[in-house]
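Scroll down for the structure; my scribbles are underneath it.
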2 protein chains.
Amino acid sequence: MEPPKSRAPNIRDVARLAGVSYQTVSRVLNDAPSIRPSTRARVLEMIEKTGYRPNQAARALVTSKSRTIGVLMAQTANYGPTTSLHGIEDAARDAGYFVTTMTLHKPDVESIKAGLEHLTGQAIEGLVVIAPQVRVFDAFRKLDLSIPIVTLDSTAGHGPRSLSVDQIAGAKLATRHLIDLGHTEIVHLAGPQDWIEAEARMTGFLEAVGEADLRTHPPFLGDWTADFGYRAGWELTRFRDFTAVFAGNDQMALGLIHAFRAGGLDVPGDVSVVGFDDIPEARHFWPPLTTVHQNFAELGRRSVALLLGEVGGDGGTEQEQILPELRVRESTAPPRAQR
Amino acid sequence: MEPPKSRAPNIRDVARLAGVSYQTVSRVLNDAPSIRPSTRARVLEMIEKTGYRPNQAARALVTSKSRTIGVLMAQTANYGPTTSLHGIEDAARDAGYFVTTMTLHKPDVESIKAGLEHLTGQAIEGLVVIAPQVRVFDAFRKLDLSIPIVTLDSTAGHGPRSLSVDQIAGAKLATRHLIDLGHTEIVHLAGPQDWIEAEARMTGFLEAVGEADLRTHPPFLGDWTADFGYRAGWELTRFRDFTAVFAGNDQMALGLIHAFRAGGLDVPGDVSVVGFDDIPEARHFWPPLTTVHQNFAELGRRSVALLLGEVGGDGGTEQEQILPELRVRESTAPPRAQR
DNA sequence: TCACGAAATGTGAACGTACACATCGCCAAC
DNA sequence: GTTGGCGATGTGTACGTTCACATTTCGTGA
């Protein structure tokens, strides 16, 4: 039994016990070449015996590498960002990195600057951003920090490196599905105006509608929540000049359907609804929701790969895109007139 | 313009420019007393001018305080844990702390040990655990690390310090609601067997059923997912020897309702369903779900307060409980016979 | 047997900060 | 005018590690 009061063992303690110099212990730790197997074994044994753990702070001080990745994310409990975060942590840990997260209360430049200072104070080696608000990117452009950054869930052209599920393609997929069913009056319930994803989905929607030469309804600008979808649904029910709605995400779709049903509209009988994200619950909504699936965890994992690749070598601007998939379920059907 | 190649400014650079010693700069940084206001101003000005940021690694090395809180969490995108995490980060940042998260793939002792080593290597000052599996706690007991720990979402008696929404009380609330409506044949769709929350909700359910002297149906053991709820719903539909189900969480309740409807059972006409958690979507389910509300964000914030309090002074074992609330909506009604 | 080179190991410094203690200057009280 | 005391500031050192370079050890061929 060790006296519990004493400080943690350091590299010199281990060295003394193993009868070698501290540098030799350091070599074993960083598995450098030219170490006699017997020496390595002895050192390893003493490390085990003393319960020695290298002090990360000291390491970071001398190497100025913290082996930490920062994640800046919007404060949302939504499925997508959260799942991506888990993907990031998975990949980071596999690569021996730590993950320090930082949530943003509000997307204003002030908060972002504060968050970033907090994070860079930690000497992070790279940053993943899962807060795809336009304002966040504007803030970044002003700050130009010197570490590699990868942005998630955004579309091309906004950051130095970005990785995303192709939101425009996904939105087109969803909209064309409605058009193919025979719908001509389609409303889009969009996400918050300053979210890049929302913008991209809107773009995809408008492109698809434009290509089919349909009337363009003014979009609703929401906030991603089911509550908002519900309120929007009430508004929409008053007009009834549409037969289908493309919702910016599954939660808003859920609220919409709720309001439609409360207002006496049948889904998909009177109106078809498509969502976006394919959260695990979407298939159990009533009716099961037709939506666009994206692989968030994969996104997170690949963002780390991209980041760590950049930490080493460096290339130019790169953008990777993952293709989303349409999942047709029971919330969509041909409009009444067709049937 | 500075030559961008040079290293980051350190405390001595600032001192030189301000014409004082590095120690004086250090005093300004840690706002120690006995600094002439004019000196402080001059130092502050130079800090601003050079863009100096204190090096956290050096600080951590000398003080052996990292100003970092570790969070160990189960790899789940569920609303509850995620929201609590945001609460933790909020409170931590307000207190000037960093948060390093660590997700657990599997709840085995091996993973936990690895995760903990990863985390303690970072010299965290405290740990919040949002992975309320029984096995996780067993692992902790074996490890007995020397830093303060607060566990979340668990019930009394498992950790040194725990903070929780009283799950037993919540489960009793839900079950009594069903009993008060006149139900006598109630089934419980529980969470995974080794989750402490699941255990507690089951306990609350059994107590309420016992107090009312009702027949005890064997519970179903699920995995928190809507998919499982759906499969369980199919199973249950075959028997139909019950009039109400208390689901361990909202997602499972959703799947259940889906299966019931597919099987020709009306909710709440033929069977009442109660959930747990009150995720933001629950009120938009069809029918809107009666469930038990818990304030996850508050839980997270208070866990940090508890932890940081402990980092300073120390007291004995403490347990705090937050009371949950029943939210009655439209998925519950008296059984057919009563009406 | 000796010298030589490579393998194996050791020594001195540096990273940037905070703590303990030393010193300086100044004013008031005697 | 000296002394004490306190406010303000400076100096030395330690934290635990890695890097650059120096030194020792060992096997090998002449």
Side-chain angles (χ1 to χ4, degrees), chain A residues 5-47 50-68 96 98 120-125, chain B residues 5-47 50-68 96 98 120-125:
Chain A
K5 272 290 181 190
S6 70
R7 80 199 191 306
N10 65 19
I11 202 173
R12 292 185 140 89
D13 296 328
V14 174
R16 199 175 329 109
L17 260 64
V20 295
S21 76
Y22 55 85
Q23 177 58 14
T24 301
V25 176
S26 174
R27 275 191 262 261
V28 170
L29 289 173
N30 300 287
D31 46 35
S34 306
I35 290 272
R36 196 187 316 237
S38 64
T39 310
R40 147 175 277 120
R42 197 146 28 92
V43 169
L44 251 24
E45 186 192 338
M46 286 309 154
I47 287 176
T50 55
Y52 166 78
R53 304 273 108 204
N55 182 317
Q56 292 291 338
R59 247 184 197 174
L61 179 58
V62 69
T63 61
S64 58
K65 296 217 178 305
S66 59
R67 297 197 76 72
T68 297
F98 298 93
T120 50
Q122 192 74 303
I124 54 170
E125 289 183 42
Chain B
K5 271 289 182 193
S6 69
R7 79 197 193 308
N10 65 20
I11 201 172
R12 292 185 140 90
D13 296 327
V14 174
R16 199 175 330 108
L17 261 64
V20 295
S21 77
Y22 56 84
Q23 177 56 17
T24 301
V25 177
S26 173
R27 275 191 262 261
V28 170
L29 290 173
N30 299 286
D31 45 35
S34 307
I35 291 274
R36 197 185 317 231
S38 65
T39 309
R40 145 174 277 119
R42 198 147 27 91
V43 169
L44 252 24
E45 187 192 337
M46 287 310 155
I47 288 176
T50 54
Y52 165 78
R53 304 274 108 202
N55 182 317
Q56 292 292 336
R59 252 187 191 171
L61 179 58
V62 68
T63 61
S64 59
K65 295 216 178 306
S66 60
R67 298 197 73 73
T68 297
F98 299 93
T120 51
Q122 192 74 302
I124 54 170
E125 290 184 41

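Residue numbering restarts at 1 for every chain, and letters A, B, ... go by the order of the sequence lines. Just so it is clear, the structure is predicted and the values come from calculations on it, not from any experiment.
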- Backbone N/O of R59(A) and side chain of T63(A): donor-acceptor pair under 3.5 Å: yes

- Item | Summary of protein contacts for nucleotides 10-16 of chain C, nucleotide by nucleotide, where a base hit scores B, a sugar-phosphate-only hit scores S (4.0 Å, heavy atoms) | BBB--BB

- Task: Measure the distance from CD on Q56(A) to C1' on dT17(D) and round it to the nearest whole Å.
- Result: 11 Å

- Query: Can you find a pair of side-chain heavy atoms, one from N55(A) and one from N10(A), that are under 4.5 Å apart?
  - Reply: no

- Whole-Å distance between dA7(C) P and R40(A) CZ? 15 Å

- Query: What's the spacing between L44(A) CG and T39(A) OG1 if we round to 0.5 Å?
  - Reply: 11.5 Å

- Contacts of S26(A) and R36(A) projected onto DNA chain D by closest heavy atom; the upstream (5') one is S26(A)

- Message: Looking at dG7(D), I'd like to know if its phosphate oxygens (OP1 or OP2) sit under 4.0 Å from a side-chain N or O belonging to S34(B).
- Response: no

- May I ask you to evaluate whether T63(B) reaches the phosphate of dC15(D), defined as a side-chain N or O under 4.0 Å from OP1 or OP2? no

- Would you call M46(B) and V28(B) a side-chain contact if the rule is heavy atoms closer than 4.5 Å? no

- Item | Length of the line joining K65(B):NZ and dC15(D):P, which is rounded to integer Å | 16 Å

- Mind checking S64(A) for me? I need base, sugar-phosphate or nothing, with any heavy atom below 4.0 Å counting as a touch. nothing

- Among dT18(D), dA18(C), dT9(C), which is the nearest nucleotide to the side chain of I35(A)? dT9(C)

- Query: Are any of the side-chain heavy atoms of L17(A) and Y52(A) separated by less than 4.5 Å?
  - Reply: no

- What is the distance, rounded to the nearest whole Å, between atom CG of L29(A) and atom P of dC19(D)? 12 Å

- Message: Has R12(B) got a side-chain atom pairing as donor or acceptor with Y22(B)'s backbone, closer than 3.5 angstrom?
- Response: no

